[in-house]
Amino acid sequence: MAIASINPSTGHVLRTFEPLADHAAEEKLELAWTTFHEWKKTPFSLRRQVLLNAAAILDSEKRIFGEIMTTEMGKTIGSAVAEAEKCALGCRYYAETGERHLAIEEIPTGASRSYVEYQPLGPVLAVMPWNFPFWQVFRFAAPTLMAGNVGLLKHASNVPQCALAIEDILHRAGAPKGAFQTLLIESGQVESILNDDRVRAATLTGSEPAGASVASHAGRRIKKTVLELGGSDPFIVMPSADLDAAISTAVKARTINNGQSCIAAKRFLIHDSVYDQFEARFTEGMKALKVGDPMDDSTQVGPLATEAILRELHDQVGRAVDSGARILTGGSPIARPGNYYPPTVLAGVPRSSPIFYEELFGPVAMLFRVRDHHEALDIANDSPFGLGSSVWTRDPAETDHFIQGIESGQVFVNSMTASDPRLPFGGVKHSGYGRELASFGIREFVNIKTVFIQ
Ligand code: NAP
């Protein structure tokens, strides 16, 4: 039962799938390879139309796709429907901008003409996580198809129905069958796909060990990779901040997607002069959230995606307490069927504790009191991760201090971190490398060909 849909709010097995046999995987690779040679010659106008059609399908059937997401991985139905809408936005973004991002760039030299041309690489393997089961895939698929590459999706084993639905959307939108294929395979089968010469590059969104494994196999075959890995984003609040906005955003930023987002705020670094107020009101806000059935429109926090995630999160909370942390609210699984964990606030996690350096992938916040902006920056950067960051201050000098000093792929000022198709997305340090979205994302998997004509 390795590839299975299990409803996280009940524990019921919805459907199981046999992993693809070697000969079936070979047929899909061959189809990807032959389709690539046709697809790369298609005009931008045709690729654009496929993405616009996909956007229209996503918009018109968003409730159906939302229900598939919610029943497979437990996100609230409202956020699942919004995710389908965001995928439509991503498709439209690349439909409208893709040709411009890949236009020939003239570069004057002594030659009669010299320029750069962007050409597709071939089949690209995408190894994707379950937490944003549609958005993670569409933010890969839209630029991939627009650039003239073809996509092979190895989705997380707990969201096979999302994976099949996405393949179906793109085929109904007019993409040839081989331009985008879902491979229902287990993680152990990824190495042989990466070793195949027809697969030219890979992108992985997920955990550090998975990223290291895929990148090392791809590296041995000299194939480019993009890695979008974990995060333990700081959320910094200074005395000049709008405290009401900071507190309500902090609650949302920690519990978005039931706390399972790479760019969720995870470490809250609060200036001494506003700490006590922040701690009391933030804890109140976390306690007040409605936890329950994710299909109920009024639910704010649903179950964690799998039982294993629940166990791991609770183990981390236990280790934090053993190392001296105090629980201000929450702290143990909710006694009901399904993988329910309450919004939890921890204060006083010592920096000497291993938990301080780990990612908490669920609705658990760690609060820290800081003396000034220097200490805030020091703690923010004391992490193996460097994905996003959120800074709350109205002081221009402090704003600059954080923008310049934070070791992260993105810094949001007086706002929570979020992805936007118009802005590049990615991290530094153990959060990975390469960028998705915007012009940077579509240029990751192209041959930047230099042309020099004397
Ligand atoms: P995961 O266990 O690493 O799984 C992600 C994907 O990698 C799944 O498809 C998984 O397949 C596959 N995989 C796991 N081990 C592999 C291996 N050794 N070789 C090849 N493939 C392997 O991560 P997750 O628990 O699903 O996702 C949570 C993590 O993703 C968190 O750390 C989160 O921060 C990160 N994330 C990052 C971003 C970002 O943009 N930076 C976005 C979302 C999530 P199976 O399911 O079959 O194991």
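Order of listing sets the numbers, starting from 1, for every ligand and every atom in it. Index from 1, following the sequence.
- Expressed to the nearest 0.5 Å, how far CD of Glu30 lies from CZ of Arg198 amounts to 5.0 Å.
- Thr203 contributes no side-chain N or O that, together with a main-chain N or O of Ala126, makes up a donor-acceptor pair within less than 3.5 Å.
- For atom 36 (N) of ligand 1, the nearest protein heavy atom (residue, atom name, distance) is Cys262 CB, 3.5 Å.
- In this structure, Phe132 does not count as a contact residue of ligand 1, since none of its heavy atoms falls inside 4.0 Å of the ligand.
- The aromatic ring centroids of Phe282 and Phe235 lie 6.0 Å or more from each other.
- Ligand 1 is approached by Arg139 to a heavy-atom distance shorter than 4.0 Å.
- Looking only at heavy atoms of the protein, atom 29 (C) of ligand 1 is closest to Gly206 C, 3.6 Å.
- The heavy atom nearest to atom 13 (N) of ligand 1, considering only Ser187, Ser216, Ala202, is found in Ser187.
- Checked by distance only, ligand 1 and Ser157 come closer than 3.5 Å through their nitrogen or oxygen atoms.
- Nearest to atom 5 (C) of ligand 1 by heavy atom, out of Leu204, Ile185, Thr205, Val127, is Thr205.
- In terms of protein heavy atoms, atom 28 (C) of ligand 1 is closest to Phe361 CE2, 3.6 Å.
- Remark: ligand 1 and Asn131 share no N or O pair separated by less than 3.5 Å (distance only, no angle test).
- Here the CG-CG distance, from Leu423 to Leu437, works out to 8.5 Å after rounding to the nearest 0.5 Å.
- Nearest protein heavy-atom contact of atom 15 (N) of ligand 1 is Ala210 CB, 3.5 Å.
- Around NZ of Lys224, the count of heavy atoms belonging to other residues, nucleotides or ligands within 6.0 Å exceeds 12.
- The shortest N or O to N or O distance between Pro129 and ligand 1 is not below 3.5 Å.
- Every N/O-N/O distance between Ser431 and ligand 1 stays at or above 3.5 Å.
- No more than 12 heavy atoms of other residues, nucleotides or ligands lie within 6.0 Å of CD in Glu307, so this atom counts as exposed by the packing criterion.
- Counting heavy atoms under 4.0 Å from ligand 1, residue Ile263 does not touch it at all.
- For atom 26 (O) of ligand 1, the closest non-hydrogen atom on the protein side is Trp130 NE1, 2.8 Å.
- Remark: among candidates Glu191, Glu208, Met128, Met73, the nearest residue to atom 9 (O) of ligand 1 is Met128, based on non-hydrogen atoms.
- Aromatic ring orientation, Tyr341 versus His314: tilted (interplanar angle from 30° to 60°).
- Using a 4.0 Å cut-off to heavy atoms of Val214, the atoms of ligand 1 that qualify are 20 (C).
- Here the OG1 atom belonging to Thr393 is positioned 10.0 Å from the CD1 atom belonging to Ile236, to the nearest 0.5 angstrom.
- Few gaps surround CZ on Arg336; more than 12 heavy atoms of other groups in view lie less than 6.0 Å from it.
- At the top of the distance list for atom 41 (N) of ligand 1, counting protein heavy atoms only, stands Leu229 O, 2.7 Å.
- Nearest-residue assignment for atom 18 (N) of ligand 1 (options Gly388, Gly432, Ser213; heavy-atom criterion): Ser213.
- Under the 4.0 angstrom criterion, atom 32 (O) of ligand 1 counts as having a protein heavy-atom contact.
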- Message: Using salt bridge (charged side-chain N to carboxylate O under 4.0 Å, His left out), reason through Glu83 and Lys75 one step at a time and then give a plain yes or no.
- Response: CA-CA 10 Å; Glu83 183 167 332; Lys75 67 171 57 208; 2.3 Å; yes
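- At a 3.5 angstrom cut-off on N or O pairs, Lys266 does not count as close to ligand 1.
- Counting heavy atoms closer than 4.0 Å to ligand 1, residue Leu387 contributes side-chain atoms (C-beta onward) but none from N, CA, C or O.
- One option in Glu359, Glu436, Glu312 has a heavy atom closer to atom 34 (O) of ligand 1 than any other, and that option is Glu359.
- Nearest protein heavy-atom neighbour of atom 3 (O) of ligand 1: Ser207 OG, 2.5 Å.
- Taking 4.5 Å as the limit, every side-chain heavy atom of Arg311 sits out of range of all side-chain heavy atoms of Leu304.
- Classified by interplanar angle (parallel below 30°, tilted 30° to 60°, perpendicular above 60°), the ring pair Tyr93/His101 is tilted.
- Here atom 11 (O) of ligand 1 lies nearest to Lys154 when heavy atoms of Gln260, His155, Lys154 are compared.
- Cation-pi geometry between Arg369 and Phe278 is not met at under 6.0 angstrom from the ring centre and within 45 degrees of the axis.
- For ligand 1, the polar-atom distance check against Gln136 finds no nitrogen or oxygen pair separated by under 3.5 Å.
- Listed by chain and number, the residues in a salt bridge (charged side-chain N to carboxylate O under 4.0 Å, His left out) with Glu191 amount to none (sequence neighbours excluded).
- Separation of atoms CZ (Phe180) and OG1 (Thr144) is listed at 8.5 Å; rounding is to 0.5 Å.
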